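Let me begin by presenting the structure, written as structure tokens, before commenting on it.
Just so you know, these numbers come straight off a predicted model, no measurement behind them. Keep in mind that the numbers below use all heavy atoms, side chains included, and drop hydrogens, waters and symmetry copies.
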Amino acid sequence: MEIFGGFMMMLSILGFFLTVIWFILPFVIFNIKGRVERSLVILEELDRRLVAIEATLKAREVATVQEQPVHAVEVAAPHE
């Protein structure tokens, strides 16, 4: 009978710990969910900013290429 009482005591302690974990776990999960959603918003904003920076750099590159004179082609082409 003493073994049964000890076993029941161990089960009650284990049940208490599982109950505590069961009540705490949703708060942990929702906290993680909120952080992931916030990270997603920040990542989307960074993506938009990178697209704008890439567009600006491409526009500068096109403007720089168009402004440079092409002397080698003019020298190599015969004048009529």
Side-chain angles (χ1 to χ4, degrees):
M1 199 66 178
E2 197 173 310
I3 294 174
F4 182 72
F7 182 70
M8 289 304 291
M9 187 63 183
M10 286 177 20
L11 280 180
S12 66
I13 292 172
L14 181 65
F16 175 73
F17 285 133
L18 288 176
T19 304
V20 169
I21 290 172
W22 184 260
F23 284 123
I24 292 175
L25 197 59
F27 296 105
V28 172
I29 290 173
F30 286 123
N31 189 18
I32 291 172
K33 183 178 180 257
R35 288 182 185 184
V36 169
E37 288 176 351
R38 183 172 175 261
S39 297
L40 180 63
V41 169
I42 291 172
L43 183 63
E44 288 173 349
E45 178 65 27
L46 285 174
D47 189 39
R48 277 188 246 126
R49 290 172 62 187
L50 282 175
V51 168
I53 291 171
E54 287 175 353
T56 304
L57 289 175
K58 282 185 181 181
R60 285 184 184 178
E61 183 180 332
V62 167
T64 305
V65 169
Q66 289 177 353
E67 289 176 359
Q68 291 178 350
V70 186
H71 297 293
V73 175
E74 293 176 359
V75 172
H79 293 284
E80 292 182 33

Original post:
Counting only heavy atoms not in Ile3, do more than 12 fall under 6.0 Å of its CD1?
Top reply: no

**OP:** Calculate, to the nearest 0.5 Å, the distance between atoms CD1 and CD belonging to Ile32 and Glu37 respectively.
**Re:** 12.5 Å

**OP:** Applying side chain to side chain contact (heavy atoms under 4.5 Å, CB included) between Thr56 and each of Lys58, Arg60, Glu54, report the one that passes.
**Re:** Arg60

Original post:
Is Ile13 reachable from Met10 through a run of I, L, V, M, F, W or Y residues, each pair having side-chain heavy atoms under 4.5 Å apart?
Top reply: no

**OP:** Say whether Met9 and Leu18 are linked into one hydrophobic cluster, either directly or through other cluster members, by side-chain heavy-atom distances under 4.5 angstrom.
**Re:** no

**OP:** State plainly whether one hydrophobic cluster holds both Ile24 and Phe30, where clusters connect Ile, Leu, Val, Met, Phe, Trp and Tyr through side-chain heavy atoms under 4.5 angstrom apart.
**Re:** no

Original post:
Above 12 or not: heavy atoms from other molecules or residues under 6.0 Å from CD of Glu44?
Top reply: yes

Original post:
Rounded to the nearest 0.5 Å, what separation is found between the CZ atom of Phe4 and the CG atom of Leu11?
Top reply: 9.0 Å

Original post:
Does anything in residues 22-31 pair up under salt bridge (Lys or Arg N to Asp or Glu O under 4.0 Å), and if so which pairs, sequence neighbours excluded?
Top reply: none

Original post:
Any chain of hydrophobic side-chain contacts (each under 4.5 Å) joining Ile29 to Phe23?
Top reply: no

Subject >> Same apolar cluster (I L V M F W Y, side chains within < 4.5 Å links), Ile42/Leu50 >> reply: no

Subject >> Intermediate values then yes/no, salt bridge (charged side-chain N to carboxylate O under 4.0 Å, His left out), Arg49 and Glu45 >> reply: CA-CA 6 Å; Arg49 290 172 62 187; Glu45 178 65 27; 5.1 Å; no

